[in-house]
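Have a look at the structure below before the remarks.
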Amino acid sequence: MDESAFYGGWEFAAHKFLGAHPDGEGAVFRTYAPAAVQVGLIGTFSNWQEIPMHRVRDGNFWEVQAETVPPGSLYKFRIHRPDGGVTDHADPYAFGAELRPATASVYWGDSLYRFRDEAWMAGEGRWGGPPNIYELHAGSWQTRPEGEGPDRWYFYGELADRLVPYLLEMGYTHLELMPLTEYPCDESWGYQATGFFSPTARYGHPDGLRYLADRCHRAGIGVLLDFVPVHFAVNDYALWNYDGTALYEYPHPDVGYNQWGSCNFCLSRGEVRSFLQSAACYWLEEFHLDGLRLDAVSHLIYWQGDPARGENGPGLAFARSLTDGLHARFSRALLIAEDSTARPGTTAPTREGGLGFDGKWDLGWMNDTLAYFRLPPDQRVGRGELLAFSMHYHYGERYLLPLSHDETVHGKGTMLRKMYGAPAEQLAQLRALYLYMYAHPGAKLDFMGNEWAQAREWDPARPQDWDCLEQPEHRAFWEYRRVLHHFWKGCPALWAADRDPAGFAWLEGGRGEAGVFAFERRGAGQRVLALFQFGGRHLAWRCPAGMRLRPLFTADGGPAPAVQSGVLLLPAFGGWCWELG
């Protein structure tokens, strides 16, 4: 590890020096604790008796070699604080952790897993085609049957064997896993972490996660991971007050904590930036992940995510350093920002003043679209701008259209229950909405359970309602989604020119009383008309003169609307795609 790079905030390999590393039959342990009076190592290999560590390098690092440390050994660092107190901390750079509520770090030694995804890793990477992302919480997609223990999670490998065939069947191109960095509280879903280098023990050994990524790659599926570089859990055994001082967090309370009650990383400190950059690098390198989705990027852009508080200079510098550094080391990696701000440049190159991300969640599209579909049909008259507005700014960034876990929890209702009307009307509108989503330019992301129109909000303590598929209406919706995904992948006009203004043209913007939206998509030599009727009654729509139509796809699975003298007779709550001659 380069010390000047570590302190300057340019290091991406601090984890190769700090933490616990094999050394013959034993291991060498190192930690960064500049303010500590003394540091000791305790663990199962010492019967939890303290082994004194000694200062190395410039005196801010502590080191000790333990002679016999079997894989699976538990350990902590005993920090003797300047105030005279003592705290036993988990290793900030540990590659493993105990299952909650236990809090020790786990020494695993070198991985024995051998990847077999050489062909995938040699590919172009980045999107590599039309991206259709399945967002998943590993502990609640499926679980073991009742009676198999209080925590009925599948291990990483078991999950892979169940998940990969499903992703292939459904036509998803990427799997996005909600955070797997070790975290103490199930209810945080992983977004308040304590172990930034530790795959959560909830789902087994780290090699199981390697197998999951390898298995996906050999099936042609990319793997993304949610990564949280903004804040960390306040638990006193972890990063908080690590060496008796605010080493990782801001010392000032006005920016020290955020609305989630967790500690903000002090990004003005180079060693904190190096810690986070090394963690991001570790996940991509060690687990062959294809990219990271960075959470709460608004907090990197503005202090506390609030534009009124001004731009966060250290956060912006960190974002640019992170994206540049990761792209230099992993040219095929996807870096996606969950950014709720309107500040331009999130996906612009850093050399042009941007932040260097490869994609940005279009939360404006999500909010406007769902606001439109919540309205009764008669109140949608004159509100077409809710759906039309996204194309006014679409080419300013590389956008991804998200219908994520955030929209199916905390009383927000599921995608199905967001639709106005009776159950049959809700299903009809949801079918049309998803065709609209897949016809609209931009990468796609959808949360588990949405594909069969689950009626119950997501609960991370329960498996998804797979028994919904025994109900004809939900089974039919699931079949529709499967067919839609494969149709979309095979229809290049709907994705090949997503970033080219010549690939999209409005024919009907939905501003009038009809509630009709029509646009043409062009790409790879193909032209497609996408037409939607979001009103609650039958309507007629006149085709532009000379337009020849060949039916491709309908949201209800039935025949395309009849054409009479150049007029299409549109049933309520419908969507259709035609190829243009």
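- Residues meeting the side-chain hydrogen bond (donor to acceptor under 3.5 Å, both in side chains) test with Thr350, sequence neighbours left out: Asp324.
- Electrostatic pairing of Asp290 and Arg332 counts as a salt bridge here, judged by a charged N lying under 4.0 Å from a carboxylate O.
- Between Trp153 and Thr143, the side chains place no donor N or O within less than 3.5 Å of an acceptor N or O (distance only, hydrogens not considered).
- His394 and Asp498 form no side-chain donor-acceptor contact under 3.5 Å, judged by distance and modelled atom types alone.
- Checked by atom type, the side-chain pair Asp306/His299 shows no donor-acceptor distance below 3.5 Å.
- A salt bridge does not link Glu479 to Arg481: none of the charged side-chain nitrogens sits closer than 4.0 Å to a carboxylate oxygen.
- With His174 as the fixed residue, the side-chain contact (heavy atoms from CB on, under 4.5 Å) test singles out one of Leu167, Leu334, Asn132: Leu334.
- Side-chain polar atoms of Thr414 and Glu457 form no donor-acceptor pair below 3.5 angstrom.
- Using a cut-off of 4.0 Å between Lys/Arg side-chain N and Asp/Glu carboxylate O, Arg398 and Asp362 are scored as not salt-bridged.
- Between the side chains of Asp446 and Tyr172, no donor-acceptor pair of N or O atoms lies under 3.5 Å.
- If you check the side chains of Tyr191 and Asp226, you find a donor sitting under 3.5 Å from an acceptor.
- Under the 6.0 Å distance and 45° angle rule, Arg202 does not count as a cation-pi partner of Tyr156.
- No close placement of the His440 and Trp495 rings is indicated, their centers lying 6.0 Å or farther apart.
- Residues Cys491 and Val528 come closest through the heavy atom pair SG-CG2, 3.7 Å.
- Annotation: salt bridge (charged side-chain N to carboxylate O under 4.0 Å, His left out) contacts of Lys360 (sequence neighbours excluded): Asp339.
- Inspection of the Gln192 and His231 side chains reveals no N or O donor paired with an N or O acceptor under 3.5 Å.
- The shortest heavy-atom contact between Ala518 and Trp541 is CB-CZ2, 3.7 Å.
- Taking the six-membered ring where the residue is Trp, the centroids of Phe265 and Phe232 are separated by under 6.0 Å.
- Within the 6.0 Å centre-distance limit, the rings of Tyr438 and Trp488 are counted as a close aromatic pair.
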Derivation and outcome, salt bridge (charged side-chain N to carboxylate O under 4.0 Å, His left out), residues Arg522 and Asp500: CA-CA 9 Å; Arg522 310 181 191 101; Asp500 185 352; over 6 Å; no
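- Checked by atom type, the side-chain pair Trp141/Tyr134 shows a donor-acceptor distance below 3.5 Å.
- Note on ring orientation: taking the six-membered ring where Trp is involved, the planes of Phe519 and Phe532 are tilted (angle from 30° to 60°).
- Cation-pi geometry between Arg144 and Phe155 is satisfied (NZ or CZ under 6.0 Å from the ring centre, within 45° of the ring normal).
- A salt bridge links Arg527 with Glu520: the distance from a Lys NZ or Arg NE/NH1/NH2 to an Asp or Glu carboxylate oxygen falls below 4.0 Å.
- The side-chain hydrogen bond (donor to acceptor under 3.5 Å, both in side chains) test applied to Glu311 returns Arg343, not counting sequence neighbours.
- Between Trp458 and Phe447, the gap from one ring centroid to the other is short of 6.0 Å.
- With respect to the salt-bridge test (charged N to carboxylate O, under 4.0 angstrom), the residues Arg475 and Glu473 do not qualify.
- A donor atom on one side chain and an acceptor atom on the other are found under 3.5 Å apart for Tyr166 and Glu451.
- Gly305 approaches Pro307 most closely through the heavy-atom pair O-CD, 3.6 Å.
- Asp161 and Tyr154 form no side-chain donor-acceptor contact under 3.5 Å, judged by distance and modelled atom types alone.
- Here the closest heavy-atom approach between residue Arg456 and residue Asp459 is recorded as NH1-CB, 3.5 Å.
- Of the N and O atoms on the side chains of Gln304 and Asn264, at least one donor lies less than 3.5 Å from an acceptor on the other residue.
- In this structure the side chain of Cys577 reaches within 4.5 angstrom of the side chain of Leu435, judged on heavy atoms.
- Between the side chains of His486 and Arg482, not a single donor N or O lies within less than 3.5 Å of an accepting N or O.
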